[in-house]
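Here is the structure we will look at, set down as structure tokens.
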Amino acid sequence: MEYRLLAEIFSKIESTTKRTAMTNFLSELLGKTPPDLIDKVVYLVQGKLYPDFLGIEIGMAEKLVIRAVSLATGLSAREIEEDLSRTGDIGDTAYEELRKAKPEIKEPLTVSDVYTALDRIAKTAGPGSIEVKINMLAQLIKRAIPLEAKYIARTVTKKLRLGVADMTILDALAIVYGGGRQSRPAVERAYNVTSDLGAVAQAIARGGVEAVKKFKVTVGKPIRPMLAERLRSPAEILAKTGGECVAEYKYDGERVQIHKQGNDVILFSRRIENITNQYPDVVQLVQNTITADSAIIEGEIVAFDPETNEMRPFQELMRRRRKYGIEEMVKEFPASIFYFDCVYESGRDLTGLSFPERRKVLERIVKRTDRARIVEHKIVRNVDEMEKFFEESVQSGTEGILCKSIGPESIYQAGSRGFLWIKFKREYRSEMTDTVDLVVVGAYYGRGKRAGVYGSLLMAVYSPDTDTFKTITRLGAGFTDKDLAELPKMLEPYKIEKRHPRVEAKEKPDVWFVPAVVLEVIGAEITLSPLHTTGFNIFRPDSGLAIRFPRFTGRYRLDKSPEDATTEREIIEMYESRLRKVA
Ligand code: ATP
């Protein structure tokens, strides 16, 4: 098959924005493609050589392409550069230069020629590889007609944007090889369970619909993730889920799809990129905590610190998104994993099972540890239960909850956003810009690195109306090693057996103190919480206010008496003023 045919159809596709026209051009192309080439043609249509999850990219800089075009045509790099600044498009420039130079073309380029050359370019690495890549590209362009050079140049620079969506390719495959639209669901399912359009195309071209129906969930091939719809109130959610559902904490981290075969582990991101190298600590957690020999599990990677029981902000996790210096980042921002679904286990595809059945498998194969857990969940049957669970969830540092259907229809719908999962996010919140001064009223023993010192402190505001101290947060962040070592000594004189009568609390810390020591704290926002007594019952029954992501600023306010601390009223005002702004 000649590459020229591909280039001509690319050109036609570019000339339209209508999806039906695009599908027709694509059907024409795929209908003319021999089955053993069709996977490659499908990847080339998308400007790729392989499915994304393999992570093999061409990605040559325009500068290098200019040098290759110069070698191929004999035109100076300078002249080509000038043309490029005029056209602004490397493809159009390659097209013009080839027209100008009129190189002598002996044999037509085939799709295989082009694919093989691009594949070699993509895989050439190491010292001196740049010159090799330029030469290989120059050889290819020398053999190309102008229209072919245009698309080759765009492909190698990752600028081939024909705008052909995955779904359009699936439509065309169903039409050409599946006997029509009725086979579309089968084709789409094959794609959803393998994320590999090329493999689906090849199967249907060779064996028709029957062949794609045989596609199975396989370790090593990512499944396209199931996504959640969104509703605004617990009542709406319960109405959609038939009056009951499982509510789960919605952790604010990075979604991960874990493929495990023996000791081999691959991690795929939500966008189906291979992120295994970024998370060596998660790989190890999986090896130690998933007992099944082979499994595909979904979870959320979170910057959670089990020593202080604290959920760290999403931004900290994002610091882990890098290619180099991974070891240091693992130390600085260690990750934890919260598993929430299992779609395959020891040869069994679980996507057709209901959510409670999948969850049972998950519970059976996970050995829980501090850093590897199954998400917090609860069956909820009414609005109150759901609201309470939501507040608990937000208070622990999450974004809200995910409500999941539990009836027989609650299968894993790969690649689709539907109402079997519904998210309900934090909306009542108030961002904090000012620091607050809080009183230490209790402490929790530390574990791990913090063994022997306090892991976190229970903090309170002052209420002049009742002359009491009301709790507002658990503070574990912002302390240096020196602070941690000194705090027990500093607080020792105030240690008491039971809660101080002037302290109002729902939490039960390991140690209680007489309210005395004041610390300056900055938080991210104020939220509703059933766990703290500040502003209790004011904004919502059975709920108080809490500070999320509190951090010690390093300032001990020894100049302040506990009665000089931030008052309950000030916190209520901060919360209210922000709500007004949001409204
Ligand atoms: P968002 O920005 O709200 O995370 P999204 O489009 O990435 O949206 P959605 O499907 O709408 O994804 O929301 C579910 C997301 O929430 C998942 O992709 C996952 O990253 C995260 N998540 C956190 N906790 C859970 C949980 N218990 N179950 C499923 N997903 C969870």
Side-chain angles (χ1 to χ4, degrees), residues 53 192 195 222-234 236-237 240-241 245-258 267-273 275 278-279 282 285-286 296-304 311-318 320-321 335-344 350-351 353-363 366 368 371-380 386 389-406 410-427 429 548:
F53 63 83
N192 284 337
S195 305
I223 299 186
R224 300 188 61 243
M226 173 165 179
L227 299 170
E229 272 292 350
R230 168 199 309 264
L231 284 175
R232 278 200 314 265
S233 73
E236 285 174 278
I237 297 175
K240 257 293 191 255
T241 55
C245 61
V246 158
E248 294 186 340
Y249 280 18
K250 185 175 190 305
Y251 299 89
D252 194 4
E254 171 156 24
R255 183 177 188 155
V256 64
Q257 192 178 105
I258 302 158
L267 308 179
F268 292 111
S269 70
R270 181 186 181 295
R271 299 175 55 198
I272 310 188
E273 297 143 344
I275 50 168
Q278 264 173 42
Y279 292 109
V282 175
L285 285 173
V286 170
I296 303 176
I297 292 169
E298 285 204 297
E300 191 86 355
I301 299 177
V302 183
F304 170 77
M311 212 79 76
R312 304 298 314 149
F314 181 65
Q315 288 78 339
E316 288 196 3
L317 194 69
M318 288 302 96
R320 297 279 308 261
R321 282 211 155 237
S336 295
I337 174 96
F338 291 80
Y339 302 117
F340 61 75
D341 214 321
C342 178
V343 291
Y344 174 93
L350 311 182
T351 53
L353 298 188
S354 70
F355 175 58
E357 289 172 299
R358 301 199 304 278
R359 168 98 192 190
K360 252 189 228 148
V361 176
L362 188 66
E363 286 177 5
V366 171
R368 301 170 203 215
R371 283 201 178 279
R373 308 180 178 201
I374 295 181
V375 295
E376 287 293 331
H377 83 299
K378 186 180 167 44
I379 297 192
V380 293
M386 193 181 286
F389 188 74
F390 171 79
E391 281 162 21
E392 251 174 61
S393 176
V394 169
Q395 182 52 34
S396 338
T398 72
E399 293 189 288
I401 52 176
L402 260 153
C403 298
K404 301 184 176 176
S405 283
I406 49 180
S410 61
I411 56 166
Y412 188 94
Q413 287 180 325
S416 85
R417 194 184 283 285
F419 282 100
L420 290 176
W421 287 7
I422 304 170
K423 58 185 166 185
F424 181 46
K425 288 212 211 180
R426 185 166 28 93
E427 44 181 348
R429 60 183 184 151
R548 268 184 104 215

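Atoms within a ligand are numbered from 1 in the order they appear, just like the ligands themselves. Nothing here was measured: the structure is a model prediction, and the numbers come from that model.
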Residue and atom name of the nearest protein heavy atom (relative to atom 10 (O) of ligand 1), distance in Å to one decimal: Ala228 N, 2.8 Å
Smallest separation among heavy atoms of Met226 and Leu420, with atom names: CE-CB, 3.7 Å
Distance (rounded to the nearest 0.5 Å) between Trp421 CH2 and Leu227 CG: 8.0 Å
Salt-bridge contact Glu298-Arg358 (side-chain N to carboxylate O under 4.0 Å): no
Options Lys404, Lys250, Glu399, Lys423, ranked by nearest heavy atom to atom 4 (O) of ligand 1, top entry: Lys250
Contact with ligand 1 for His377, non-hydrogen, under 4.0 angstrom: no
Which atom of Ile406 lies closest to which atom of Pro356, heavy atoms considered: O-CG, 3.4 Å
N or O pair under 3.5 Å between Glu254 and ligand 1: no
Atom CZ of Arg368: over 12 foreign heavy atoms under 6.0 Å: yes
Protein contact of atom 20 (O) of ligand 1 - nearest heavy atom, named by residue and atom, plus distance: Glu300 OE1, 2.7 Å
Side chain, backbone, both or neither: the part of Tyr249 lying under 4.0 Å from ligand 1 by heavy atom: backbone
Residue portion contacting ligand 1 (non-hydrogen atoms closer than 4.0 Å) for Leu227: both
Protein contact to atom 24 (N) of ligand 1 [nearest heavy atom, distance to 0.1 Å]: Tyr251 N, 3.2 Å
Rounded distance [0.5 Å steps], SG in Cys342 versus CD1 in Ile296: 8.5 Å
Winner among Arg230, Glu229, Arg270, Arg271 once heavy atoms are compared against atom 6 (O) of ligand 1: Arg270
Close N or O approach (Trp421, ligand 1; < 3.5 Å): no
Arg255-ligand 1 polar pair, N/O distance under 3.5 Å: yes
Closest protein heavy atom (residue, atom, distance) for atom 27 (N) of ligand 1: Glu248 OE1, 2.9 Å
Nearest-0.5 Å distance that lies between atom OH in Tyr251 and atom OG in Ser393: 7.0 Å
Glu236 and Lys240 ion-paired at < 4.0 Å: no
Contact check: Leu402 vs ligand 1, nitrogen or oxygen atoms, below 3.5 angstrom: no
Shortest protein contact, atom 2 (O) of ligand 1 (heavy atom only): Lys425 NZ, 3.8 Å
Within 45° cone of Phe389 ring axis and under 6.0 Å: Lys378 NZ or CZ: no
Side chain, backbone, both or neither: the part of Arg417 lying under 4.0 Å from ligand 1 by heavy atom: side chain
Within-4.5 Å side-chain heavy-atom neighbours: Val375 and Glu300: no
